[in-house]
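Reviewing the structure listed below.
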Amino acid sequence: MHKSDIDVNSIKGNIKPGVPIHSVRIRVGRNIDGFGFPAGITRDQRQDVEMLMKKTFENMTGEFFGRYFPLKSLKENDRKKMGENRCLFQSGNSDMIVAGIERDWPESRGIFHTKDYSFHTWVNEEDHLRMISIHEGANIPGAFEHLMKGVKAVQEAMKSVTEEAEFSVNPKLGYLLSCPTNVGTGLRASVHIDLPGFTKAGLSTLQEMCAKLKIQVRGTGGEGHSQRDATDSNFDCNFYPEGWTYDISSIHRLGVSEVQLVQTLIDGVNKLFDEDLKLQHKFVNVPLLMKGPAPPFPKIKSKDSLVAKYVTPDIWAKLGGHKTATSEFTLSKAVACAVEFENQHCGIYAGDWDSYIDFRDVFDPIIQEYHGISANAVHITDMDTSKIRGNIKPEVTVHSVRIRVGRSIDGFGLSPGISKEQRLGVESIMRESLAKLSGELSGEYYPLANMDEITRKQLVDDHFLFMSGDPNLKAASMERDWPEGRGIFHNKDKTFLVWVNEEDQIRIISMEISADVLGVFTRLVKGVREVGELVKENCEREFMVHPKYGFVHSCPTNLGTGMRASVHVELPGWTKEGLDALKGRCAQLKVQPRGTKGESGGQTGSTYDISNKHRLGYSEVELVQTMIDAVNVLYDEDIELQKKHEIYPAMPFIKSQKSLVSKYVNPGVWKELNEQVTATSSFTLRKAIACAVTFSNENCGIYAGDYESYKIFKKVFDPIIHEYHGIGPDAVHTSDMDSSMITRNINLEAPVHSVR
C-alpha cells in the first residue's frame, strides 16, 4: 500500500555548504480522472484537458501567478526564453512516438510558468501534467516545499473550475501515470553536481556508488544523453560540454514516500561529495582531458618573472584551454598578475586545489625554484612548541610579535577562483565554527558587509581591518563581490585574529605587544588546532594539504607552512649601516626585513619587521626558531654597529612625532638617562616612553613606573608636566578636600543624568 508524505518538516538537514551543485529540479506527474492517459487519449479528450488547465492557470495567484503558452502558437522569443530557463519540452522522443503519445503534435499541448520560472507545468506531455520546481543552488528542501505548494495551488485552482476534477490515484499504487515506472509518488528529485573525482575514477565507479546509495546517475542532457567517461582517450570537452557535471536523482517512485525520496537524495549527494574528494586526492596525478582551444599566447609584462620563464608557447598550447573542475579556473586567470604588471617575481596564483595538479607543468618548476627545493622534496609539518629553544632576549627592543598561517577548506575554490556561493559557504562554516571557540580564544565575528562606522573605525585603530584596493589581489580576481562573504574575528584580548576570505579562505593570526615569541606561537598552535577541529565538526571537512607541498594556499609562495612569524624590532645600528647591508645579513640568517607598514608600505624610523623568509621545506618549529635566533643575533650586531657609527646608545624612533615626548626626549637627554634604572621596579626611560615609540597618535606619550621615575627622569617629566598643565617651573600644588568649602551646586533644572 503506497503512502504519501509531503511534510517538508520531516526532512533532516540539507546539502552541506560547498558541495558544487548547480541546480535542484523536482517534478511530479499527475493525470486527471475521466480522461485517457496520453498514450491512449483521444484528440477531443486532449483538447478538454488543455481547456481545463487553461482555466485553472487563470485562477493561480500570489507566488504561483503566471502565464500559459500553447506550443502550437509559441513565438520564437518565448521558445528561446523557455529553453534558456529549462522549462521547454519538445517532440522527437522515439519511445513517445511509438507509444502514440505524440499524436497530433503540438496541438493541445503547452507550458505554464511563473514569472521567475521557478515553477512550471507541462500540459499533455508524457502525462496530463508534469509540475516542476527548479532552483539555482543547493536548497533541496526549499525546492521541495515550493513544489508541494505549487501542486496544492494547481489542485485548488482546478477544483475551483470544476468540483469533479480529481487526480488519478490507486489505493495500492498511489498516483497513476502513463509509465508504470512512475506510479506511486510520480516524483523525481535531482541535482546537477560536479564530481571530478568520480570522473577520474571512471563512470562505472560512480554508478556502483550510486546504486549503493539508492540514487541514480545520468548525463545533464537527460536520460538519453548519458554522461561520457572522462577516462576515455576520445573524451573532449569541445564535443561534450557537460564534462564532470552529472544529474543525480532519486531512483524509486513507488514503495517510498516523497519525503523519503528527497531525504535519500540529500544524504546520497552529501556522501557522493565526500567520496569524490577522496577520489580527487587518490587520483591526484590523473589529469582530466577537459579542454577547449587555447586563447592567444599572452604578452607577459613581468619579463623577469618565474611565469615568463616557465609559461612557454608549448606549455600554453597544452594547458591554455583547460578549465579546472572546482572553479573552472584557467591558466590565463592564474598568470593575470604577470601579464598586467611589470614588477612580479612569481606572478601566479592558484584558483583551487586542482590548479596545482592540472597546471603542474607550470606550478611545479615555479614552486621548486622559488622555495629552493628539489622535485622529490616532501613538506613535513611540526607545530610542537616544546621543541622551541629559548626566546627573544629581554634586552632586545621588540615592540610586538605577530605570527600567522593560512588555511583552506577542502572542496572550495581558493580566493582567485572561488565562486560567490562557495565564498558565502566558507563564511557560513567559519562563523559557526568561530562562535564555538572558548576561553582565551573566544570572541566575536565582524562581517565586512554592512559594517557600521564605529566598528570599522575600531578595527582600523586596532590594525585588524583588511581592505580592498590591492592591485595584485584585484588583478588576480580576489576582490570580486567585495565585501560580501568576508569578515574578521578577534578574541576579547585582541591577541587572536582570523580573517575570512581575504587572500586565503582563512588567515589565522596570533599577536601581542611584547617580545614573547614562544607565547604567541603557543597561542597560534592552539587556535589553529581548535579552528580545524570545529570546521571538521561543522562540515566534516579537513584543511587542504598537498601530499608534496603541505597546506594549500592561493599564492604558491605561501605553500607548506603558510606561516609568517615576525617581530617589530629597533635596529638603529643597522639603519646607519644601510638597508642593503641589513638585507644581506638577513639573507644569511634565513630571515627577511621589511618596513613596519607592510610589504610595500615603507619604513618607520629604525624599526623593522623581521620575519622568516621560507614557508616550504621547513617545519613551523624550524621557522619560528630561525626567527628567534636571527633577531637575537641582529640585536647583538646592532649594538656593535651603534658603537661603530658613534650613536650608542641609540635613541628609539618616536612614532608620535607631535607628542610631548618627541619634544623633550632628544639624543642628549637619551644618552644621559637611558641607562638609569629605578630601584623600586627597575623602570627605565625606554619603558616610560613606550607608548610614544609604539603609537603615532599620542599627546603626552609617557608613564611613570614608580615614585622614583619623577625624580630620576625629571629632565623629561618636569617640562612635559609644566607644558601639559600650563604651570610654571616654580608652581607648587596645594591639596584641599574640605567639602564644606563648596558653596554652590548644579542648577536643579539642568538635565544631569548622574555624577561620578
Side-chain angles (χ1 to χ4, degrees), residues 11-25 135-143 189-220 227 230 242-251 261-284 286 288 290 324-328 352-354 357 408-414 417-430 432-433 505 535-545 552:
I11 296 172
K12 304 183 191 71
N14 200 348
I15 299 298
K16 295 184 291 189
V19 178
I21 286 179
H22 298 279
S23 61
V24 179
R25 183 180 188 274
H135 287 236
E136 299 301 317
N139 186 8
I140 293 179
S190 65
V191 298
H192 282 185
I193 178 175
D194 290 337
L195 296 171
F198 277 104
T199 305
K200 289 182 177 184
L203 186 57
S204 61
T205 303
L206 177 57
Q207 290 170 332
E208 290 171 9
M209 177 57 70
C210 286
K212 292 177 183 177
L213 297 172
K214 298 181 180 178
I215 51 180
Q216 63 182 357
V217 56
R218 67 187 195 186
T220 53
Q227 189 73 9
E242 291 88 348
W244 43 70
T245 304
Y246 297 84
D247 181 302
I248 303 296
S249 68
S250 50
I251 193 169
L261 291 177
V262 171
Q263 187 70 61
T264 297
L265 178 66
I266 291 172
D267 296 342
V269 168
N270 282 333
K271 180 64 176 176
L272 273 183
F273 177 70
D274 291 340
E275 294 300 315
D276 192 78
L277 287 179
K278 295 176 184 176
L279 289 170
Q280 287 183 45
H281 297 166
K282 178 180 178 181
F283 292 100
V284 74
V286 180
L288 285 171
M290 299 288 294
T324 63
T326 302
S327 54
E328 297 188 355
D352 41 32
W353 166 288
D354 323 33
I357 307 306
S408 306
I409 304 173
D410 214 355
F412 295 94
L414 303 174
I418 196 169
S419 68
K420 182 178 179 179
E421 292 73 20
Q422 287 179 333
R423 189 185 303 109
L424 292 172
V426 168
E427 185 188 35
S428 176
I429 291 169
M430 291 309 300
E432 186 176 347
S433 300
Q505 291 176 17
V535 166
K536 187 173 182 180
E537 175 185 309
N538 289 332
C539 66
E540 299 178 5
R541 300 196 197 177
E542 307 271 2
F543 291 141
M544 292 185 203
V545 182
V552 175

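Index from 1, following the sequence. Worth saying up front: this structure is predicted, and the values here are computed from it rather than measured.
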Minimum heavy-atom separation for A189 to L265, with atom names?
O-CD2, 3.4 Å

Heavy atoms only: give me the nearest L277-G411 pair and the separation to one decimal.
CD2-CA, 3.8 Å

Could you check whether any side-chain heavy atom of R541 comes within less than 4.5 Å of a side-chain heavy atom of F412, counting everything from C-beta outward?
yes

Examine distances only and state if a side-chain atom of E540 and a backbone atom of D274 form a donor-acceptor pair shorter than 3.5 Å.
no

Heavy-atom distance under 4.5 Å between the side chains of Q422 and V426, does that happen here?
no

Just so I know, are the side chains of V262 and S250 near enough to count as touching, which here means a heavy-atom distance under 4.5 Å?
no

Spatial distance of atom CG (N270) from atom CD1 (I140) [nearest 0.5 Å]
8.0 Å

Got a second to check how far I215's CD1 is from L261's CG, nearest 0.5 Å?
12.0 Å

Test side chain to side chain contact (heavy atoms under 4.5 Å, CB included) applied to I409 and M544, M430, E542, the passing residue
M430

Please name all residues satisfying salt bridge (charged side-chain N to carboxylate O under 4.0 Å, His left out) with E275, sequence neighbours left out, ordered by chain then number.
K271, K278

Can you tell me how far CG of L414 sits from CH2 of W353, rounded to the nearest 0.5 angstrom?
10.0 Å

Walk me through it: do D194 and H22 pass the test side-chain contact (heavy atoms from CB on, under 4.5 Å)?
CA-CA 8 Å; D194 290 337; H22 298 279; 2.9 Å; yes

Okay, side chain of D354, backbone of T324: is any donor-acceptor separation there less than 3.5 Å?
no

Going by side chain to side chain contact (heavy atoms under 4.5 Å, CB included), name the residues that satisfy it together with D267, two or more places apart in sequence or in a different chain.
Q263

Side-chain H-bond candidate by donor/acceptor type, Q216 with S249, under 3.5 Å:
yes

Check for a donor-acceptor pair, side chain of S408 on one end and backbone N or O of V552 on the other, with a separation under 3.5 Å.
yes

Atom CD1 in I248, atom CG in L195: separation rounded to 0.5 Å?
6.0 Å

Approximate separation, where rounding is to 0.5 Å, of S428 OG and K16 NZ:
13.5 Å

Scanning both residues in full, the closest heavy-atom pair of D247 with S190 reads OD1-CB, 3.5 Å

What pair of heavy atoms forms the shortest contact from I11 to P141, and how long is it?
CG2-CG, 4.1 Å

Give me the atom names and distance for the closest heavy-atom approach of F198 to L272.
CE1-O, 3.4 Å

Rounded to the nearest 0.5 Å, the CD1 atom of I251 sits from the OG1 atom of T264 at a distance of 11.0 Å

Note, F273 side chain near I15 side chain (heavy atom, < 4.5 Å):
no

Can you confirm whether D410 sits close enough to F543 that some side-chain heavy atom of one is under 4.5 Å from a side-chain heavy atom of the other?
no

Minimum heavy-atom separation for A143 to V24, with atom names?
CB-CG1, 3.7 Å

